[in-house]
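The structure displayed is predicted, hence computed values, not measured ones. Quick note on labels: first sequence line is chain A, next is B, and so on, each numbered from 1. In what follows, every heavy atom counts, from backbone to side chain, and hydrogens, waters and symmetry copies are set aside.
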Protein chains: 2
Amino acid sequence: MSGRGKRVTLQTIADRVGVSRATVSYAFSRPDQLSEKLRAEILKVAGELGYAGPDATARSLRLRRAGALGLLFTETLNYAFGDPYSIGLLQGMAAAVEDAGVGLLILPLLTGDGHAETVRGAVVDGFCVYSLPDGHPALEEVLRRGLPAVAVDEPYLPGYPLIGIDEMAAAGDAARHVLGLGHRRLGVIITGLYHQARTGWADVERQERGPFQARRTRIAGYRAAAEGAGIDWAGVPVYEVVRNTRESGREAAHELLRREPRPTAVLTVTDRLALGVLDAAADLGLRVPEDLSVVGFSDSEAAQGGLTTIRQPKEEIGKTAGRLLLSGRPLPEERLVMPYELVVRASTGPAGG
Amino acid sequence: MSGRGKRVTLQTIADRVGVSRATVSYAFSRPDQLSEKLRAEILKVAGELGYAGPDATARSLRLRRAGALGLLFTETLNYAFGDPYSIGLLQGMAAAVEDAGVGLLILPLLTGDGHAETVRGAVVDGFCVYSLPDGHPALEEVLRRGLPAVAVDEPYLPGYPLIGIDEMAAAGDAARHVLGLGHRRLGVIITGLYHQARTGWADVERQERGPFQARRTRIAGYRAAAEGAGIDWAGVPVYEVVRNTRESGREAAHELLRREPRPTAVLTVTDRLALGVLDAAADLGLRVPEDLSVVGFSDSEAAQGGLTTIRQPKEEIGKTAGRLLLSGRPLPEERLVMPYELVVRASTGPAGG
DNA sequence: TTGTATGCGTTATCAA
DNA sequence: TTGATAACGCATACAA
């Protein structure tokens, strides 16, 4: 029908109908600006010509709005979509974009140098960056774009809002909970502290130097609480794993629980790792919480294992980020601290059981 | 610094440096096309002026490429992101877009008439529609755009590829599995047959009329297998629930298991529902599989409950969809049938236990 | 109610 | 190596 030839545009239709381009534009975008009859005629011809409708990109250019929010993940999307916390965030942002009738553009951020292109080419009205390490090259590009931008969890970008919980206080509460139960021999399992993670014991310096602010702070919260209880942090074994998986948690826990004296409480930075600790306890015939207390973080999958954990309002965080970006109002320039909650379940109990 | 005044564009920089717009464009997009010195000068001035970089939308318009794939969900995103099968699909598509260095634009499709606008405004190079009911208004809009498009699972769009498993055969295999174990008193739990779902018994006519092709076919597959074994389908109780949740499955199962004679095998259309059936069995003190066999569909969460189910290669399906759209080659115009697998676990056993 | 003219910001072509 | 010009396809102020 219309396969060959030039592309069908407003002009094509205008020529055919014998009206101006503007009139055809009105027929599609401002129906009330022209007579019903002419409009019908125009739409009919457009149909015959196989017109695809006003071009989305051209329209965006003219209207100066993209109709989408960009979301930057540092992880591969495959991983991100497998992580309950990320999913919760996504659900929250989704709710916000749904309400506003715009789309959500997910931007993968992987290897070396594609970053710049990815960020530069994104047709969006604003960016949300999620869990990026300090100094990640994509950050620079995002800021350069000059669009509204918010960060979730990390990193803090001077002059831009950062949405998340008070990691320091939350981790502190979690640690003080087990300390309050009388535990003195702690073990810690961490991940995601470095972009290029490792498996093995992490000394204090390594704990303090990682580029992921939130993770760093979380660990610092554990440490501060422990030291507040008179525990020498240098003596607390901290095991680092590469992947945030249940299996990694299990393996790490085996390392931790093989030590003498054996820790009586294990703190982790995610629920998945904590579930793995439960697995290890089962492997070793240790009772939870009589022989071992376990604490997670995020309350994403925690209920399954009866885990004590910190509940983060992930959907709320995502929704807030989305709304902020879509509000059209000037963005706050500081942290937006969201509430968290220490949820005590059956995985923690008094020491010396 | 540069807050007021006109927007900074290539021209602004060109004027300031005293070169042409094209040269400035080269400085950003084709570094090898101009002298290192001039380029440095241009970038320096751009920095001073706070230039945001080549505008993504203008660039898209000019280059005729959006750098993104659109994904249309019928459900609210909040639901979609909570569904393991959808997530798997998303992961697959994500892998494809990652490889190609483009983004994934998630398009919410909700209430009444926003559909057209959402689809029309999407700045994308192609569309993937997922699980849309026959005749959904968004479909028309997608086709009108004239971009590459593929459907996943449903619906079939004449002239476009449809990616999914052979639902009829898969459901048939699942049903024949329990029939082969000697079961004759079947019960079925379905959902997602209609956009406006209901809770209650669904007669044959209702089963056949729903607008969701894949679901319809899945049930038809059960039916064909049952009839092939000499069972009168009109006598098989089919219970429909609104939401695909474990709790709904449990409630439906209670309805089903209260019947006399009690079904000895329950077929469902999702794993979540099937897990709910296990819950109901536990409520009633029924042993699985001795007293009751249960079959799921999708193998998303099935392993948790030791469910017998159909495994769908969801990541593979998503990846295939993405790659097809990004290949630049003409799309196949028919079904792309992906392999499935009947996974037999502990939830099914011989009848008459 | 309809048409004219212009600009949105970029890149490709071609000539210098 | 750089510049002038012409698209890309649309929407809007303004004039008719």
Problem set entry | Thr23(B) side chain near dT2(D) phosphate (N/O to OP1/OP2, under 4.0 Å) |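 No, Thr23(B) has no side-chain N/O under 4.0 Å of OP1/OP2 on dT2(D).
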
Remember a base hit wins even if backbone is also touched, and classify [X] as base, sugar-phosphate or nothing at under 4.0 Å, heavy atoms.
X        : value
Gln11(B) : nothing
Leu34(A) : sugar-phosphate
Ser29(A) : sugar-phosphate

What I want to check is whether an N or O donor and acceptor connect the side chain of [X] with the base of [N] at under 3.5 Å.
X        : N       : answer
Arg7(B)  : dT10(C) : no
Arg59(A) : dA11(D) : no
Arg30(B) : dT11(C) : no

Exercise. So does Asp55(B) pair up with Arg7(B), basic N to acidic O under 4.0 Å?
Worked result: yes

Exercise. Do Arg120(A) and Glu140(A) sit within salt-bridge range, that is, some charged N less than 4.0 Å from a carboxylate O?
Worked result: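 Here Arg120(A) does not pair with Glu140(A) in a salt bridge, since their nearest N and O are not under 4.0 Å apart.
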
Taking atom [atom2] of [N] as reference, at what distance in whole Å does atom [atom1] of [X] sit?
X         : N       : atom1 : atom2 : value
Leu61(A)  : dT12(D) : CG    : P     : 13 Å
Ile42(A)  : dT1(C)  : CD1   : P     : 13 Å
Arg64(B)  : dG9(C)  : CZ    : C1'   : 15 Å
Leu63(A)  : dA11(D) : CG    : P     : 6 Å
Arg21(B)  : dT1(D)  : CZ    : P     : 22 Å
Arg120(B) : dC10(D) : CZ    : P     : 13 Å
Leu10(A)  : dG3(C)  : CG    : C1'   : 14 Å
Arg145(B) : dG9(D)  : CZ    : C1'   : 13 Å

Exercise. Any luck finding a side-chain donor-acceptor pair between Thr23(B) and Ser20(B) under 3.5 Å?
Worked result: yes

Exercise. Taking atom types as modelled and ignoring hydrogens, do the side chains of Ser29(B) and Arg59(B) form a donor-acceptor contact shorter than 3.5 angstrom?
Worked result: yes

Problem set entry | More than 12 heavy atoms of other groups within 6.0 Å of Gln33(A) CD | yes

Exercise. Taking for each residue the nucleotide of DNA chain D bearing the nearest heavy atom, is the 5' side occupied by Asp32(B) or by Ala58(B)?
Worked result: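 Nearer the 5' end of the strand: Asp32(B).
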
Exercise. Taking for each residue the nucleotide of DNA chain D bearing the nearest heavy atom, is the 5' side occupied by Arg39(B) or by Ser25(A)?
Worked result: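 Counting from the 5' end, the first nearest nucleotide belongs to Arg39(B).
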
Exercise. Can you say whether the rings of Phe73(A) and Tyr130(A) are parallel (under 30°), tilted (30 to 60°) or perpendicular (over 60°)?
Worked result: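 The rings of Phe73(A) and Tyr130(A) stand perpendicular, inter-plane angle above 60°.
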
Problem set entry | Of Ala22(B) and Ser20(A), the one whose closest DNA chain C nucleotide lies more 5' | Ser20(A)

Kindly point out which of [options] is positioned nearest to the side chain of [X]?
X        : options                  : value
Ser35(A) : dT1(C), dA12(C), dG9(D)  : dT1(C)
Val19(B) : dA11(D), dG3(D), dG9(D)  : dG3(D)
Tyr51(A) : dC10(D), dG9(D), dT13(C) : dC10(D)

